[in-house]
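Report on the following structure.
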Amino acid sequence: MSKTVVLTGAGGVLCSTLAHALAKNGYKVAVLDLREEAAEKVAKGINQNGGNAIGVQANVLEIKSLQRAKQQVDKAFGACDILINGAGGNHPLGTTSNPFLVAEDLINKNDEFKTFFDLDVNGIQFVFNLNFIGTLLPTQVFAKDMIGREGCSIINISSMNAFTPLTKIPAYSAAKAAVSNFTQWLAVHFSKVGVRVNALAPGFFLTDQNRSLLTTDDGSLTQRGNQIIEQTPMGRFGEPEDLIGTTLWLCGDGSKFVTGVVVPIDGGFAAYSGV
Ligand code: NAD
């Protein structure tokens, strides 16, 4: 019997690609997203390609919304076997304008320019909630039914900035470090009940969120874009499809003795000291 996968944030770039790939590999796929239209669109595309998917509106920060989504998934496909916690992201209010603070930044600066001292607690809380609480709550809702069943597992989406923080994005880096840490904690906690917990740590993937930071209007690289490519031994950005193989491996029996790992998928970025 084919397994049921629930993916949050699956109306987005990376997890919609995973949703399509999982469906192609015979999984029943529940596409959850805050944006109902986006979830429906991805599910429709999967069904048109011969897969089996439903689109479900769900907010990963609201337990009631997740419980409603769970009812829809249970009714359509039965209990969730694999949960992929994909919803996540950054916020401009948790981001500094410059990588390094210099004394001049503090004088005569305009309101647009954000130093560490201007970071807004609301922006930081938004990022911590979305990435960390948004991983914890869906796990509480969907993992309970996994207990005592064979072959169930959870895949969180961390980031390579969890290993070493990236400049300018302290909130997002710390929130993803929390996701990696939670992945290990939960792997241990669930180890006696047969539920494996692992995470992907994607490197730099060119998506709508970061395209304007990394490329210019004519398609060439910004200074930050260039820096990233220079720091990536394999010399390119990731493509969403680069995440598929590791995800299928972590979902399947091939990884049945693997739990508590955070797998970098970053072209060597995290391994490279730059020298
Ligand atoms: P994306 O913005 O394309 O997708 C994120 C999706 O999450 C969106 O469809 C959005 O509607 C949904 N979402 C936002 N808030 C939600 C909520 N409260 N409840 C439910 N859904 C919500 O982003 P992406 O690039 O596909 O990223 C997917 C995951 O991968 C995120 O966790 C992100 O942090 C992580 N990641 C991305 C990159 C990258 O380079 N793109 C790198 C490392 C990690």
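Numbering of ligands and ligand atoms starts at 1, following listing order.
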Pairing residues for [X] by the side-chain hydrogen bond (donor to acceptor under 3.5 Å, both in side chains) criterion, not counting sequence neighbours:
{"X": "Asp105", "value": "Asn98"}
{"X": "Lys28", "value": "none"}
{"X": "Ser65", "value": "none"}

Tabulated below should be the N or O atoms of ligand 1 paired with protein N or O atoms at under 3.5 Å; can you produce that?
from     : atom 1 : to     : atom 2 : distance (Å)
ligand 1 : 2 (O)  : Gln209 : NE2    : 2.7
ligand 1 : 3 (O)  : Val13  : N      : 2.9
ligand 1 : 9 (O)  : Gly12  : N      : 3.1
ligand 1 : 9 (O)  : Asp33  : OD1    : 3.4
ligand 1 : 9 (O)  : Asp33  : OD2    : 2.6
ligand 1 : 9 (O)  : Arg35  : NH2    : 2.8
ligand 1 : 11 (O) : Asp33  : OD1    : 2.6
ligand 1 : 11 (O) : Arg35  : NE     : 2.9
ligand 1 : 18 (N) : Asn59  : OD1    : 2.8
ligand 1 : 19 (N) : Val60  : N      : 3.0
ligand 1 : 21 (N) : Leu34  : N      : 3.2
ligand 1 : 23 (O) : Gln209 : NE2    : 3.4
ligand 1 : 26 (O) : Val13  : N      : 3.3
ligand 1 : 26 (O) : Leu14  : N      : 2.8
ligand 1 : 32 (O) : Gly86  : O      : 2.9
ligand 1 : 32 (O) : Lys176 : NZ     : 3.0
ligand 1 : 34 (O) : Tyr172 : OH     : 2.6
ligand 1 : 34 (O) : Lys176 : NZ     : 3.1
ligand 1 : 40 (O) : Phe205 : N      : 3.0
ligand 1 : 40 (O) : Phe205 : O      : 3.1

query = Are Thr232 and Asp266 close enough that a side-chain donor and a side-chain acceptor fall under 3.5 Å?
reply = no
Flag, side chain of Asn49 to backbone of Ile46, donor-acceptor distance under 3.5 Å =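 Not confirmed, Asn49 side chain does not pair with Ile46 backbone.
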key: NZ/NE/NH1/NH2 to OD/OE distance under 4.0 Å, Arg149 and Asp145   = no
